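Since the structure is predicted, the reported quantities are computational estimates derived from the model, not experimental observations. When a residue number appears, it is its place in the shown sequence, counting from 1. Numbering of ligands and ligand atoms starts at 1, following listing order.
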Amino acid sequence: MIFTLADILAAQARIKGVADQTPFIPSPFMSAACGQEFLMKMENMQPVGAFKLRGAVSAVMALCEDVRGVTCCSTGNHGRGIAFAAAKRGIKAVICMSSLVPTAKVEAVRALGAEVRIIGTTQDEAMHESQRICESEGLVEISPFDDPHVIGGQGTIGLEMLEARPDLETILVPLSGGGLAAGVATAAKAINPRIRVIGITMDRGAAMYESVKANTPVEVPEFSSLADSLGGGIGLKNRLSFQICRDLIDDYILVTEDEIRHAMQVMFYEDRMVAEGASVVGMAAVLSGKSPALGGPVATIVTGRNLDMPTFAHIMMGQDVSIGKLRVKGVSYAA
Ligand SMILES: *Cc1c(COP(=O)(O)O)cnc(C)c1O
């Protein structure tokens, strides 16, 4: 399957007026930390609080007239985007999620009128359930990352960034199933082939990183994480996002829970932004000192804001938090 800039331009037309063009703003604090101008694409400001709206709307709007309904697996944000898009089209949506998904995300999907099924304790189990439902209930399955229309929608973020700042040299992309990175890298490199795209993910259960290293999709164990939106595998039968990420991602950086916790505090105390763990891994990569000297301007995508608010409040107050089996030690913020 060949995926190009033309697919992203087609998605841009489908999502117009539903997904927003988000602000793209400098962070003075991160620019100082990075030694280069550092820009943030604020996808946490999308109507459902995450960039996944773009891919979901792109995919749902591309379905044929007589579609009965849609199903998907989700770590929360894709399901919310699909529920939103399905409601807009007036079709049924069944969203499969594991028990790792925070309650706030589950409730938000229900509030949009979608049917929620909580299946098993991992994203991979939820993925198998949505594949089963697609066959048994005649619904169309929309993968959160391995779907050309989804990748096309996410790629519109890359178009907007390069349109605003054609001089970008490095993009730090939060990475899980790779739909976002595949779309953004395709758009950015079609416009400027020399731009560097670095995939950032948590160090436990880094599915795309392990798969690219093995040169084939592999399964990884799943853990509770502050970056809950980055959990889950890439699917052993991955057709598209694996291939594009393998070909276009220049480098990978893995960050720890403590580094994510600190970056969430930086976003709040320095930039005054509420951002979920998955969305600050680009900052975490820079602040941890793990990123090599980056060519600037540097940009990252603040992918979402859909947090469990009590947990967020504890982290900001420097208190310990527990998420499933994960314990993250609290540290009071000091720049
Ligand atoms: C889904 C998601 C990601 C990762 O996107 P992929 O396309 O799966 O790589 C990052 N951040 C947030 C908030 C997400 O919901």
**Item:** ligand 1 contact on K52 by region, counting heavy-atom pairs under 4.0 Å
**Value:** side chain

**Asked** Do you see a donor-acceptor pair shorter than 3.5 Å between the side chains of S229 and E276?
**Response** yes

**Message:** Testing the 3.5 Å rule here: is there a donor-acceptor pair between the side chains of S58 and R14?
**Reply:** yes

**Asked** Which atoms of ligand 1 are found less than 4.0 Å from any heavy atom of E276?
**Response** 13 (C)

**Request:** State the atoms of ligand 1, each with its element, that fall below the 4.0 Å cut-off from a heavy-atom position in G179.
**Result:** 6 (P), 7 (O), 9 (O)

**Fill in**
Note: S176, heavy atoms under 4.0 Å from ligand 1, region reported as both

**ligand 1-proximal atoms of L230, by part, heavy-atom distance under 4.0 Å** = side chain

**Pair Y333 + F268: ring centers closer than 6.0 Å** = no

**Prompt:** Can you tell me how far CD of E115 sits from CD1 of I95, rounded to the nearest 0.5 angstrom?
**Reply:** 9.5 Å

**Polar side chain donor-acceptor pair, S98 to E125, under 3.5 angstrom** = no

**Fill in**
In terms of its nearest heavy atom to atom 12 (C) of ligand 1, the top option of L180, T303, V184 is T303

**Fill in**
When distances are taken from atom 5 (O) of ligand 1, the protein heavy atom at minimum range is F51 CZ, 3.5 Å

**Asked** Any salt bridge between E137 and R68, counting N to O under 4.0 Å?
**Response** no

**Contact atoms of ligand 1, heavy-atom distance to L175 under 4.0 Å** = 9 (O)

**Request:** Using a 4.0 Å heavy-atom threshold (strictly under), name the region of A50 that reaches ligand 1: side chain, backbone, both or neither.
**Result:** neither

**Fill in**
for atom 6 (P) of ligand 1, nearest protein heavy atom and its distance come out as G178 N, 3.5 Å

**Asked** Quick one: CD on E169 to CG on L294, what's the gap to the nearest 0.5 Å?
**Response** 10.5 Å

**Request:** Would you mind running through ligand 1 and noting each atom that sits below 4.0 Å from a heavy atom of N77?
**Result:** 13 (C), 14 (C), 15 (O)

**Item:** Heavy-atom neighbours of M45 CE exceed 12 at 6.0 Å
**Value:** no

**Fill in**
Which of V150, D147, I151 passes side chain to side chain contact (heavy atoms under 4.5 Å, CB included) with L240? Answer is I151

**Message:** Just to confirm my output: which protein heavy-atom neighbour is closest to atom 8 (O) of ligand 1, and how far is it?
**Reply:** G177 N, 2.9 Å

**Message:** One residue to check: M208. Relative to ligand 1, which of side chain, backbone, both or neither has a non-hydrogen atom less than 4.0 Å away?
**Reply:** neither

